[in-house]
Amino acid sequence: METRLDLTTLNEPQVEAVLHGPGPLVVFAGAGSGKTRVIVHRIAHLVLDHGCPAWRILAVTFTNRAAGEMKERLDRLVPGAARDLAVGTFHSTCARLLRRHSQDLRLSRDFAIYDDADQKAMISRVLKDLSLDEKRIPPKMVASIINQAKNEMQGPEDVPLTGLDAERIREVFREYEKRMAKANALDFGDLIYQMVRALEGNEALRMQLAGRFVHLLVDEFQDTNHAQFRLVRALASVNRNLLVVGDDDQSIYRWRGADRRNILDFRRYFPDAQIVKLEQNYRSTKRILRVAHAVIEKNVDREPKQLWTDNPDGSKIKVLRCGSERDEAEIVVRAAREQVSAGKPLRSLAVFYRIHAQSRVLEEALRAARIAYRVVGGVRFYDRAEVKDLLAYLRLVSNPEDDISFLRVVNVPTRGIGKTSIDRLLDDAATQGTGVWAAAKRAAESKNGSPIAKFVELIETLREKAPALLSEGAKPSGEALGLADFARLVLTESGYEKSLTDENTAESDARLENLASLVGSMQEFEDSEGEDRPSVTAPSLATPDDAPSEKPGLLTRFLETVTLQSEPEDANGDKKDQVTLMTVHAAKGLEFPRVIVVGLEEQLFPFRGVNEGEGPEELEEERRLAYVAFTRAEESLTLTWATSRYVFGNLRLGTISRFLDELPLQDIEQRGEGTSPRPFTESPYGSRSSSFGGYGGSSGGGSSGYPSSGSSSYDKGSMPREGSLGYGDGFTRRSLHGIAPIKSEPPKEKEIAGFKKGMKVRHVRYGVGKVYSVEGGTPPTVTVDFPGHGTKQIVAKYLEPA
DNA sequence: GGATTTTTTCTTTTT
DNA sequence: GAAAAAATCC
């Protein structure tokens, strides 16, 4: 075919996918096989060679970052085309479409989007109002049931529930839905669920939308859940030009309802779909691919396949045994220094871990070594209390029915609206069957000048000041107030800023700074939206004939962007020269010349939670996760594990991950220097913490026989059976036997603030008890067994020796 | 009624 | 070892 697009940089199957004609196509794209390249080239091809207007092409991704990257790369290929292209995550795309068609769907155009915390707050409210015990029916559990149900396109009436509390939970679900509707709020699951309901239940709407998008491209299709599949099916139902791309080996969101069958059985729903397989890897060395393959090939539920590459063998994969998580962090620091001394940028080094909690130690070490780093995800900026407070004010202005936001800020800063007044409001709302805002207005009317009346007035005044921000069509009255200016106004008028300024502590200063940076990001948003350049992550989804008045206001759009992206866009984030730290999940889709994966221990990676039975499915997903982690590396891959680690502030022994034991010996290089594993200095049994059970629990238990005398020499006799480093599973494992860990701390007899195990102590309330264990930490705590009161954890300073 | 201090709980992974 | 919840103090 004659093309204006340069296709000489693509291999044969890639070209096939790019030039594919009408009809469905599924591309199986292995790690590093040029998946994004294919999508971007195909879009460019559709625009350049078929003259398809960019706004009639919809590309859907899972993360904002992937959406952004797609736009960027398209813009380089076809300058200008990216502007009109509809690219976004599943969630942002649905949010946009729902707003645009809100009238048809009997939804408020300015509906709020509730994140997990908001959702949990709402569930707690419902539980309280139905007088159900949060201990018996934890909000978290209900949330997970509700989310799962929506992923499966089930509502309260058709979700299958079993168990004693099944009907109670169903009632909570039902009531939750009512409250959400009343609050003009949708949760994450709703965005997809409601959109699918709308499309499937409204023929005209489906024809309109599916007719509008001539081409539909979906990335990471292996991670779609049932609802998302139905969405794609509906949107592709008219033109059927559907391209889905994915790799079943990289499916890592089973817990979120992802179903690999969606890609594996794609032809069941689209029997005429063509199939293209991309199997050449351009990213990694041969050794890295072999090591990654060694882990993934053990999966039973998997299509056998193997990536190949023309790249060199590369250096051996380093497998390092460390004495503790601090030693692991030291490895990271050393690697960063090596980068610098080798004249390579820090940005080419990335560190992956299984869970966020592992980042702190790494951060501390890097900070101490004065090495620039950034953490992707983790403690989110938008999760900080002060940021949530300001956002709650803004949300309340945008949508006064938002009960959760109302309750969050009604007394922040304190304005004399205490528990009693709030309970009265809630009571009134419940008996009158209205939202809290309406109840507050009633209260304000009946009692002029009351604190509640003042608060209602505050919100209403703020609303009046920003008509242009609330509705795009509205004419700005007088001088138009900008988004950032408005936020500043909220901060002063509410007294929030003053309360922080008055506090005048290091912490309040930090909060003010965070608020300033939030306002700054609002300014940025305002500037980029003002130019009418669709922001990178927000698909415009606007057709030329859309009336402007249908467009939600700037404030609503900002709030949506903020909720649907977990962290503020940092335009230079990738450009700054710093080491990147993130979870393996966050790493999907990225690549780095040098990668370190830490914490490769049983129970941690593969992860095993508290009461999860170790089902084969879970383990297979952990393998895919490891596969994703390893295949991010281009040239150098280092894998570390630690023989001991603090979990929850308690020391746990770790055993080497089975994944490391499975690696081909000729491709790895093992190291571990220093002294013996750090012994237990406190009881691993029976203490409160051991009920956590998961990490290091049973399999580490056999290791408590380590000497607690400070032998610094490697004491073979004290090790568990020859050839097995304390694996409690009865398997003897080869490798790493006899290799001592890299550095380790000398054993210490734990004595915290003068307390030792076994001694008698006195407490003001509980009287005399016996010290069960000392925990350390800040503040130092001691577990004490008080006869008649049971075992308590007490901060050391409230105890005295008896 | 509200702030402060103390105790308990919590942790996989994310839109 | 932090955040939420509960208990206690003012």
Side-chain angles (χ1 to χ4, degrees), chain A residues 60-67 88-95 113-117 119-121 124 134-135 138 140 147 150-151 186-192 220 223 225 227-228 252-258 352-358 360-361 376-380 383-385 411 413-422 451 537 560 563-567 582-588 599 603-610 612 618 621-622 624-625 628-629 646-650 688-689 691-692 694-695 763-766 775-781 783 792-795 797-798:
Chain A
V60 185
T61 62
F62 268 85
T63 63
N64 294 295
R65 192 186 56 219
T89 63
F90 271 99
H91 293 86
S92 69
T93 301
C94 286
I113 298 174
Y114 275 10
D115 66 14
D116 283 357
Q119 181 186 41
K120 236 187 81 202
S124 289
E134 291 206 3
K135 290 259 154 62
K140 239 191 99 176
N147 294 336
K150 288 175 180 173
N151 287 342
L186 298 183
D187 59 36
F188 283 145
D190 277 330
L191 293 173
I192 318 282
E220 309 276 17
D223 280 327
N225 58 38
Q228 288 161 334
I252 55 176
Y253 288 105
R254 214 179 75 95
W255 49 276
R256 216 168 71 177
F352 305 150
Y353 34 79
R354 179 66 240 270
I355 63 172
H356 280 304
Q358 292 172 262
R360 217 192 56 253
V361 182
V376 177
V379 235
R380 288 165 200 179
D383 279 348
R384 291 164 199 243
N411 199 32
T414 48
R415 40 174 78 90
I417 307 177
K419 198 174 178 308
T420 321
S421 339
I422 292 174
T537 50
E560 175 179 307
T563 314
L564 293 181
Q565 71 180 32
S566 37
E567 46 196 314
M582 60 179 120
T583 63
V584 178
H585 283 88
K588 189 166 72 154
Q603 322 279 88
L604 182 59
F605 198 0
F607 186 85
R608 175 122 76 111
V610 192
E612 328 277 309
E618 277 82 15
E621 179 134 320
E622 295 293 317
R624 292 192 292 269
L625 213 37
V628 167
Y646 274 96
V647 176
F648 274 122
N650 293 305
R688 183 184 60 86
S689 51
S691 68
F692 178 70
Y695 188 61
H763 185 265
V764 263
R765 274 192 61 166
Y766 304 121
E775 314 295 341
T778 42
T781 58
T783 306
K792 303 267 174 205
Q793 253 205 337
I794 313 278
V795 178
K797 70 174 176 182
Y798 302 104

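Not measured: the values here are computed from a predicted model. Residue numbers start from 1 in every chain, and the chains themselves are labelled A, B, ... in the order their sequence lines are given, proteins ahead of strands.
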Grab the [atom1]-[atom2] distance between [X] and [N] for me, whole Å please.
X: A:K135; N: C:dA4; atom1: NZ; atom2: C1'; result: 11 Å
X: A:D190; N: B:dT15; atom1: CG; atom2: C1'; result: 13 Å
X: A:Q228; N: B:dT14; atom1: CD; atom2: C1'; result: 11 Å
X: A:N650; N: B:dT8; atom1: CG; atom2: C1'; result: 14 Å
X: A:R624; N: B:dT13; atom1: CZ; atom2: C1'; result: 13 Å
X: A:I252; N: B:dT15; atom1: CD1; atom2: P; result: 11 Å
X: A:H356; N: B:dT14; atom1: NE2; atom2: P; result: 4 Å
X: A:Q358; N: C:dA2; atom1: CD; atom2: P; result: 17 Å

For A:G418 and for A:E621, find the nucleotide of DNA chain B with the closest heavy atom, then tell me which residue's nucleotide is more 5'.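 Per heavy-atom nearest nucleotide, the more 5' residue is A:G418.
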Quick check: on DNA chain B, is the nucleotide nearest A:I355 upstream (toward 5') of the one nearest A:I417, or the reverse? Name the residue that is more 5'. A:I417
Treating a pair as Watson-Crick (purine N1 to pyrimidine N3 plus N6-O4 or O6-N4) or G-U wobble (N1-O2 and O6-N3) with both distances under 3.5 Å, list the stems of 3 or more consecutive pairs that involve DNA chain B. B:1-10 with C:1-10
Residue [X], side-chain atoms from C-beta onward, closest of [options]:
X: A:R360; options: B:dT15, C:dG1, B:dT14; value: C:dG1
X: A:H91; options: B:dT11, B:dT13, B:dT15; value: B:dT15
X: A:T583; options: B:dT12, B:dT15, B:dT14; value: B:dT14
X: A:T414; options: B:dT14, B:dA3, B:dC10; value: B:dA3
X: A:F648; options: B:dT15, C:dG1, B:dT14; value: C:dG1
X: A:N411; options: B:dT14, B:dG2, C:dG1; value: B:dG2
X: A:R354; options: B:dT15, C:dG1, B:dT12; value: B:dT12

Measure across A:P451 and A:R415 and return the closest heavy-atom pair with its distance rounded to 0.1 Å.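 Closest approach of A:P451 to A:R415, heavy atoms only: CB-O, 3.4 Å.
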Determine yes or no for a side-chain-to-main-chain donor-acceptor pair under 3.5 angstrom, with A:D223 supplying the side chain and A:I252 the backbone.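 Between the backbone of A:I252 and the side chain of A:D223 there is a qualifying donor-acceptor contact (under 3.5 Å).
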Check each of A:R624, A:R254, A:R608 against A:E618 using the salt bridge (Lys or Arg N to Asp or Glu O under 4.0 Å) test, and report the only one that passes.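 Only one option passes, and that is A:R254.
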What is the nucleic acid contact for [X], judged by heavy atoms within less than 4.0 Å: base, sugar-phosphate only, or nothing?
X: A:D116; value: base
X: A:F90; value: nothing
X: A:I422; value: nothing
X: A:G416; value: sugar-phosphate

Evaluate the side-chain proximity of [Y] to [X]: yes if any heavy-atom separation is below 4.5 Å, no if none is.
X: A:L625; Y: A:F605; value: yes
X: A:V647; Y: A:L604; value: no
X: A:L564; Y: A:F188; value: yes
X: A:Q228; Y: A:H91; value: yes

Under 4.0 Å from OP1 or OP2 of B:dT15: is there any side-chain N or O of A:H585 that close? no
Given B:dT9, is OP1 or OP2 found less than 4.0 Å from the side-chain N or O atoms of A:K140?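 Looking at the OP1 and OP2 atoms of B:dT9, neither is under 4.0 Å from any side-chain N or O of A:K140.
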Just jot down the ring-ring contact (aromatic ring centres under 6.0 Å, His included) partners of A:F62, sequence neighbours excluded, or say none. A:F90
With sequence neighbours excluded, tell me which residues meet side chain to side chain donor-acceptor pair (under 3.5 Å) with A:D115. none
C:dA4 and B:dT13, which share atom name P, separated by this distance in whole Å: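 One P to the other, the span is 16 Å.
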